[in-house]
Amino acid sequence: MGNLFSALLNSANALQVYGRVFSTIQNNVTNASTPGYVKQDQSLVAMPFNPAVGLGGGVQAGPLLSMRSEYLEQAVRNQQQLLGSAQQKTADLAQVQPLFDTSGNSGIPNALNEFFNNFSQLSVSPSSQVSRQNVIDAAGQVAQAFNQNAAGIMLVSANVVNQTREAVTTVNQLASQLAEINQHFRANSASTQDAGLDARLHAVLENLSQVANYSLIRSQDGTYSVYLGGQTPLVVGDRSFPITADFSTPQTIIRNAQGNDITAQLDNTGGSLGALIEENNTTLPGYKTTLDTLAKNFADTVNTTLSQGVDNSGNPPAVNLFTYNAVAGAAYTLAVTNITPNDIAAALPGAPGGNGNAIAMAQLANAPAAGGFTVTQAYGNLGGQVGRDLANAQQDKTVQQNLVTQAQQLRATSTGVSLDEEAAKLLQFQQAYQAVGKLVGVLDGLTQTVINMVK
Amino acid sequence: MLARIQSIRRRLDALRIALLSPSSEEIVNCLPALEEAVPSCHQLELELPDDSDPLARLEIRIALHALQSDLQIAGRLIEHGAALHQGWAMLLAAAVGGYVATGAPAPLTAGGTVSLEG
């Protein structure tokens with residue numbers, strides 16, 4: 001009878017245990033699409049069996065095993081950081097590039113072309129009031145083109161500032177969520193086995209990786225601490241330490257909870273926030289400075305050349321053609337003065353009424369203005385730089401999208417099956433990568449050779 | 001020549017898709033096509049249009065830069081995948097075999113069986 005009871009108990013117990021196995025499988029299926037969820041495996045443990053001493057054997061449920069690989073999770077987060085940065089740069093630079101039309105059909109190149117052409121026309125009829133007025137109008141077009149270009153960059157900068165505020169808000173919200181999850185872990189150690197809580201935790205971590213660069217440390221109590229830039233505590237245990245964005249200066253400053261400047265820890269270190277900081281503190285100011293230098297050099301050269309001639313009355317010109325405010329930005333503030341058509345110094349001092357200075361002005365189109373380049377070429381170089389920056393960002397984004405997909409696919413197939421199978425699989429991969437790596441390297445070298453021949 | 005470049009790009013795209021999937025078999029299946037692409041790439045040098053056709057040269061240059069971009073993506077995927085698997089192998093080896101005297105994980109070996117038929 002004892003044996004019969006044992007057998008019945010064992011069977012009933014086994015049914016209960018296998019019921020848990022099926023519940024686990026059901027939960028895996030139900031949560032297949034839940035962000036951050038990984039498969040759970042109900043482990044089984046054989047109970048002691050020794051009929052001689054009354055141990056009836058059977059099976060009991062062991063711990064719930066997560067199939068999560070923290071190594072692969074970190075690999076996905078690393079690539080997400082880089083993708084977040086590349087996506088942000090691509091989106092923002094795509095707003096800048098249209099400002100720089102280097103085709104000559106519009107914008108600054110077209111305005112410069114018209115300006116110098118009008119001086120050519122003036123050289124044909126230097127006393128013509130119509131030609132003189134056309135020169136002033138064309139100068140106004142150049143000033144307006146520079147103003148619009150500069151204003152466009154300032155508008156992009158304003159967008160970047162707004163997006164930086166949103167990114168900081170997102171970081172703080174995710175930090176709060178993580179702190180709240182840590183509270184559960186601290187309050188009840190068994191909750192570290194909770195698949196749902198674990199899924200939420202890793203979803204938050206992955207979302208955070210798209211925004212900012214951080215390091216992650218897991219404590220013995222199961223809580224996760226986050227350090228921005230590897231240094232600044234954002235979440236420690238069940239407490240979060242919000243960051244703030246300070247725009248009291250033209251540069252973006254990110255401050256920790258104590259008000260200290262932590263910008264350098266985040267600038268261009270990954271995530272959309274890193275990209276936004278770099279754009280506002282380096283990239284956009286760089287474009288603006290180059291444009292301002294171009295505008296200043298152009299205005300100064302024109303004013304200097306005109307000052308060397310004489311106006312319609314045979315006198316040195318009393319007023320410049322262009323004015324600007326270097327502090328507020330030469331490109332943004334470039335303007336035509338209250339010069340009149342008779343003030344235009346088209347003639348040279350020794351030949352009043354002539355066209356010598358008008359010719360000299362027209363020839364400025366081909367004269368070195370900045371770094372040995374004409375003003376139009378220098379502007380083209382700036383436009384080219386913007387185009388290259390955007391192309392590089394787009395290529396980075398494409399590469400990173402592929403790398404994120406690769407890391408995610410690998411994570412999804414991590415099953416924790418037998419170690420022998422895993423080892424065999426890894427060795428096969430190593431051999432496959434070596435083989436294709438050699439061929440891609442050969443193809444890359446051949447392609448570069450052909451590109452060099454086509455140039 | 002453009003057709004040849006497009007053909008190489010298609011093979012690289014197949015490799016890219018294989019590199020995204022967590023299967024070494026799919027990567028190895030791309031090897032024959034890549035091996036054929038190498039002499040095809042050599043052939044490009046012989047088919048360059050001369051200087052009298054600048055438009056054709058421009059088209060070729062654009063296509064070659066696109067090919068170079070595809071090669072960069074494939075190269076990064078190979079580097080990244082290899083680094084991931086290498087790291088994973090080190091973790092597995094350490095978990096299974098511990099560490100050697102130098103502090104490096106023990107070499108990873110895969111268990112196998114030998115069967116004989118008489």
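Below, each value reflects all heavy atoms present in this structure, side chains not excepted, and no hydrogens, waters or symmetry copies. Lettering of chains follows the sequences in order, A, B, ..., and the numbering in each one begins at 1.
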| request: Locate the shortest heavy-atom distance separating B:Val28 from A:Ala432; write the atom from each residue and the value. | output: CG2-CB, 3.8 Å

| Mind checking whether B:Leu15 and A:Val440 have side chains closer than 4.5 Å, heavy atoms only? | yes

| request: Specify which of A:Asp444, A:Thr405, A:Leu443 makes the most heavy-atom pairs with chain B at under 4.5 Å. | output: A:Leu443

| Can you tell me how far CD1 of B:Ile5 sits from OG1 of A:Thr447, rounded to the nearest 0.5 angstrom? | 8.5 Å

| said: Are B:Ile73 and A:Gln395 packed together at the side-chain level, in the sense that at least one heavy-atom pair is separated by less than 4.5 angstrom? | reply: yes

| query | Quick one: of B:Gln72, B:Glu25, B:His65, B:Gln86, who has the most non-hydrogen atom pairs under 4.5 Å with chain A? | reply | B:Gln72

| B:Cys41 versus A:Val450, closest heavy-atom pair with distance | O-CG2, 4.3 Å

| said: I want to check something: taking the side chain as every heavy atom from C-beta on, are A:Gln448 and B:Leu64 in contact at a cut-off of under 4.5 Å? | reply: no

| request: Go through the atoms of B:Glu79 and report whether side chain, backbone, both or neither lie under 4.5 Å from a heavy atom of chain A. | output: neither

| Proximity breakdown for B:Ile27 and chain A, heavy-atom pairs closer than 4.5 Å | both

| message | Within the structure provided, determine whether B:Leu84 and A:Arg411 are in side-chain contact (heavy-atom separation under 4.5 Å). | response | no

| query | Minimum heavy-atom separation for B:Leu31 to A:Val436, with atom names? | reply | CD2-CG1, 3.6 Å

| request: Could you check if a side-chain atom of B:Val38 sits within less than 4.5 angstrom of a side-chain atom of A:Leu446, using non-hydrogen atoms only? | output: yes

| said: Can you tell me how far apart OH (A:Tyr71) and CG (B:Leu91) are? Round to the nearest 0.5 Å. | reply: 6.5 Å

| Which bit of A:Gln400 is near chain B, if near means a heavy-atom gap under 4.5 Å: side chain, backbone, both or neither? | side chain

| remark: If one checks every heavy atom of A:Val442 against chain B at 4.5 Å, the contacting part turns out to be side chain

| field | Interatomic distance, A:Thr449 atom OG1 to B:His42 atom NE2 [nearest 0.5 angstrom] | value | 9.0 Å

| message | Quick check: do A:Leu403 and B:Arg76 have side-chain heavy atoms less than 4.5 Å from each other? | response | yes

| note | In short, B:Leu77 meets A:Gln406 closest at the heavy-atom pair O-NE2, 3.1 Å

| So which part of B:Ala83 gets closer than 4.5 Å to some heavy atom of chain A, the side chain, the backbone, both or neither? | backbone

